[in-house]
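In this chain, numbering begins with 1 at the start of the sequence shown. In each ligand, atom 1 is the first atom listed, and ligand 1 is the first ligand listed. Bear in mind that the values here come from a model prediction, so they are computed numbers and not experimental data.
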Amino acid sequence: MLQILCLCLALCGPLTGIRAEPGALLRLGMDILNHEVQSAMEESQILEKMAAEAGAKRPGAKPIKGLSNVKVKDVLVPVITLNFVPGVGIFQCVSTGMTITGKSFTGANMEITVVLNITATNRLLQDEETGLPMFKSEDCKIILGSMKTNLPSNMMPKVINKFIDSTLHKVLPDLMCPAIDAVLVYVNKKWASMHNVLPVGQMGTVQYVLASSPATTASHIQVDFSTVVQPQKGKAIQADGDGVAPGFPEDSVKDSSQLLLSAAFLTAELALLQKSLDVKIKGKKIGELPPQTTKTLAGFIPQVAEAYPKSKSLVTQIRIKKPPKVTMEPGKSLLHLHGTLEMFAAKRKGKAPVSLFLLETHFSLDVQYSVHENRLQMITSLDRLLGLSRGSSSVGDFNAKDLTGFTTDYLQEAYLPRVNDVLQVGFPLPDLLAINYNMAEMNIVENALVLDLKLD
Ligand SMILES: *[C@@H]1O[C@H](CO)[C@@H](O)[C@H](O)[C@H]1NC(C)=O
């Protein structure tokens, strides 16, 4: 049974979508691809270039029998229609029109106005050199629509039409098909930033690496990423997904674009911040808390009053001992922190503070996600104190449970603002196709965060 399972993991993997390493998945819907191709058309100013090209003398270009001095003018603003071709890529149709001028074999100036479609299949491949996705056009065709000429219609219309038709079929592909390729050059450039190493403050970096060739379905292109989380020093942090590969929820809107970030990946990213979550907090007055003094503490642990007859202010040190862990279930995400909370107070003025006691704590934070400047932001609030036990104590025995309320309030008022400060660094999102994530709607699903991308 186990052998069959292993064999299947090896062989069925690519078919069933089992992923060894959960990281991030991106679904590119038609909304994003339309936007990309449109803007590439505009940026490349391709039709203007094409018209200029057509006017230029091209050495080596075959002369067209019976038609000389060919020029293109009045190119209509193209309308682009894209469709997914499952397993292949996208079918592209550019509907446009233009006027072609030239001298006919009779020596007459000829003007032909045509509307036409240029169609091609843009195959989605993985560039062997760079490992990046790329589109490559295949099978470029020109489909002529209606045609008008300045030639009198009684002038052997059949012969003329045949001539025009065959001539255009010779001239147009050379003129128009390079336009499709040139547009793809622009689109392909926008994949280039995908493998960039993205900083997480000074703490480390994140990289999204294409895990396999992007797959095209009838409704989207799916890009699977392996994620590399690298601290400033030391080895990369492994995303440990408990063997569960997260997937897009069944009911997610089919045609829309979405980014999925696994809880395991977010956990790996948060490990970069673990050290920054260690803090030392001083000061008598913190938020709504009672004065942070030994006198307040003596209200919970009477022995403190014996050790400190005169009230002294407290210094609190919190250390996070295990990497933070993110969990997700539909509609709710928690951040689990395991650490110690140690309280210090100076015996006498001018003396170094000494440890009163150390508490082992485990608490969970509610996480709210948002995107700001293409970085994933988290804001936390206290969910629950899940574990509290006494470690060392210089004030004698006491029951840690007596400090439950005190500790809970302390974490909420004093510690969480620090945590939220640290989290402000934000986590970079995949940088490709100039995708803007800022308006994304957040959905928490089983073991993953799904961003529904909205175009501006
Ligand atoms: C050109 O493409 C458009 C949009 O796909 C379509 O409506 C039209 O019929 C096509 N015209 C020709 C001549 O194929």
Side-chain angles (χ1 to χ4, degrees), residues 28-51 53-54 64 66-67 70-102 104 110-124 135-151 153 157-188 216-221 254-257 433 455:
L28 301 168
M30 214 23 111
D31 50 354
I32 285 198
L33 289 165
N34 267 324
H35 184 262
E36 288 314 316
V37 173
Q38 287 290 355
S39 67
M41 289 289 283
E42 282 158 29
E43 276 171 46
S44 62
Q45 298 186 305
I46 194 62
L47 289 159
E48 289 85 338
K49 281 186 196 157
M50 222 170 49
E53 174 87 354
I64 294 125
L67 193 62
V70 176
K71 285 200 172 115
V72 174
K73 60 176 198 179
D74 304 333
V75 178
L76 295 180
V77 177
V79 177
I80 304 168
T81 321
L82 303 175
N83 283 298
F84 288 112
V85 185
V88 178
I90 28 185
F91 180 78
Q92 183 180 4
C93 174
V94 181
S95 308
T96 184
M98 65 197 62
T99 301
I100 298 163
T101 63
S104 78
M110 193 171 68
E111 253 191 33
I112 313 161
T113 303
V114 285
V115 297
L116 56 100
N117 286 346
I118 315 160
T119 65
T121 302
N122 301 329
R123 188 176 282 276
L124 185 56
F135 286 112
K136 192 170 181 297
S137 78
E138 287 176 357
D139 207 14
C140 176
K141 284 198 190 94
I142 308 289
I143 300 155
L144 291 177
S146 67
M147 236 185 308
K148 271 188 244 151
T149 79
N150 63 339
L151 299 176
S153 56
K158 263 195 189 154
V159 178
I160 291 284
N161 274 342
K162 219 175 153 192
F163 161 75
I164 291 170
D165 199 63
S166 70
T167 303
L168 289 181
H169 272 111
K170 273 185 209 144
V171 179
L172 286 174
D174 278 355
L175 276 177
M176 309 303 289
C177 290
I180 297 266
D181 291 338
V183 168
L184 289 186
V185 168
Y186 275 80
V187 176
N188 284 336
T216 309
T217 72
S219 60
H220 59 261
I221 289 171
K254 260 200 167 169
D255 299 331
S256 68
S257 301
L433 301 175
L455 296 181

Got a second to check how far Phe84's CZ is from Leu124's CG, nearest 0.5 Å? 10.0 Å
If we ignore hydrogens and angles and just use 3.5 Å, is the side chain of Thr119 paired with the main-chain N or O of Cys93 as donor and acceptor? no
Do the side chain of Thr121 and the main chain of Arg123 share a donor and acceptor less than 3.5 angstrom apart?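 It does not hold such a pair.
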Is Thr96 close to Leu116 at the side-chain level, that is, under 4.5 Å between some pair of heavy atoms?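 Counting from C-beta outward, Leu116 and Thr96 do come under 4.5 Å.
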Where Leu82 and Gln92 come nearest, the two heavy atoms and their spacing: CD2-CG, 3.6 Å
Nearest heavy-atom neighbours spanning Ala120 and Cys140: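 Taking every non-hydrogen atom into account, CB-CA, 4.0 Å.
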N/O contact list for ligand 1, threshold under 3.5 Å:
residue: ligand 1; atom: 2 (O); partner: Ser95; partner atom: OG; Å: 3.4
residue: ligand 1; atom: 2 (O); partner: Asn117; partner atom: OD1; Å: 3.3
residue: ligand 1; atom: 2 (O); partner: Asn117; partner atom: ND2; Å: 2.3
residue: ligand 1; atom: 11 (N); partner: Asn117; partner atom: ND2; Å: 2.8
residue: ligand 1; atom: 14 (O); partner: Asn117; partner atom: ND2; Å: 3.2

